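A quick note: this is a predicted structure, and the numbers were derived from the prediction, not measured.
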Amino acid sequence: FIFVGLLSTPVLFTLPALAYPAVYFKFRQLGIPPSSCVNQAINTIKGMRLEDFGSNSYSSGGHTNTARAFINCTTLPKVGACGGNGTSVMFVVASDKNGDDATFLLNELDRKFGNPVLIDCNS
């Protein structure tokens, strides 16, 4: 049985590329604190009305009928406004339909997330 398993294993690595979903991402650096980034991510995902909405302390996500999307916020120490922590935000979409579906959703996430800025450092 072990011999048969070893012979069948390479088949798993030779699947055609069409068997895998299209995955797209964008990222950028923001001067806002990580908590503000996560709040913006939650509002963006909720505003897009994605199904099975979920979030945690660093990301938020959901899905459509053909795509899964999430926004991830990573802390960047001491590169934010007023000497505080900044954030790198990454938008990720994987689609089992096609690239057009994924890129449309990716661009909508980016557009609706916007470019939040920290206005008052003294509060």
Side-chain angles (χ1 to χ4, degrees):
F1 294 120
I2 295 173
F3 182 73
V4 172
L6 290 174
L7 287 178
S8 64
T9 301
V11 174
L12 296 175
F13 300 108
T14 60
L15 292 173
L18 295 175
Y20 301 99
V23 178
Y24 297 89
F25 64 93
K26 286 184 178 183
F27 64 93
R28 55 189 148 105
Q29 184 174 327
L30 303 173
I32 62 173
S35 60
S36 296
C37 178
V38 172
N39 287 336
Q40 187 69 15
I42 290 169
N43 291 336
T44 300
I45 295 293
K46 282 183 177 179
M48 302 247 335
R49 301 189 192 281
L50 298 179
E51 298 175 27
D52 292 332
F53 164 80
S55 66
N56 55 35
S57 61
Y58 58 88
S59 67
S60 183
H63 68 86
T64 67
N65 289 338
T66 59
R68 175 81 176 122
F70 71 91
I71 301 171
N72 185 68
C73 299
T74 303
T75 302
L76 299 175
K78 300 182 182 179
V79 298
C82 308
N85 292 338
T87 311
S88 175
V89 62
M90 181 170 27
F91 308 95
V92 181
V93 177
S95 174
D96 59 3
K97 186 175 177 187
N98 62 42
D100 292 340
D101 179 50
T103 55
F104 174 79
L105 184 55
L106 181 70
N107 290 331
E108 282 297 294
L109 286 174
D110 188 19
R111 184 179 70 78
K112 290 188 177 191
F113 185 88
N115 191 23
V117 294
L118 188 62
I119 296 171
D120 185 6
C121 293
N122 294 324
S123 57

Hey, what do you get for [atom1] ([X]) to [atom2] ([Y]), rounding to the nearest 0.5 Å?
X: Met48; Y: Ile71; atom1: CE; atom2: CD1; value: 8.0 Å
X: Ile45; Y: Phe113; atom1: CD1; atom2: CZ; value: 10.0 Å
X: Leu30; Y: Gln40; atom1: CG; atom2: CD; value: 9.0 Å
X: Ile42; Y: Cys73; atom1: CD1; atom2: SG; value: 9.0 Å
X: His63; Y: Leu105; atom1: NE2; atom2: CG; value: 12.0 Å
X: Asn107; Y: Lys112; atom1: CG; atom2: NZ; value: 12.5 Å

With a 4.5 Å cut-off on side-chain heavy-atom distances among I, L, V, M, F, W and Y, is there a chain of contacts connecting Phe70 to Phe27? yes
Verify same cluster id: Val23, Leu50 (apolar side-chain graph, 4.5 Å): no
Among Val93, Val89, Val92, exactly one meets side-chain contact (heavy atoms from CB on, under 4.5 Å) together with Leu109. Which residue is that? Val93
Kindly indicate whether the side chain of Asn85, heavy atoms from C-beta on, has any atom under 4.5 Å from the side chain of Pro34. yes
Is the side chain of Thr87 donor-acceptor paired with the backbone N or O of Gln29 at a distance under 3.5 Å, no angle test? no
Show me the pairs that pass salt bridge (charged side-chain N to carboxylate O under 4.0 Å, His left out) and involve residues 27-37, at least two apart or across chains. Arg28-Asp110
Flag for Ser36-Asn39: side-chain donor and acceptor within less than 3.5 Å: no
Mind listing the closest non-hydrogen atom pair of Ser95 and Asp101 along with its distance? OG-OD2, 2.7 Å
Suppose we screen for side chain to side chain donor-acceptor pair (under 3.5 Å). Which residues come up paired with Asn65, at least two apart in sequence or across chains? none
Which donor-acceptor pairs under 3.5 Å do the side chains of residues 74-82 make with protein atoms, sequence neighbours left out?
| from | atom 1 | to | atom 2 | distance (Å) |
| --- | --- | --- | --- | --- |
| Thr74 | OG1 | Asn72 | ND2 | 3.1 |

Are there over 12 heavy-atom neighbours, none belonging to Phe25, within less than 6.0 Å of that residue's CZ? no
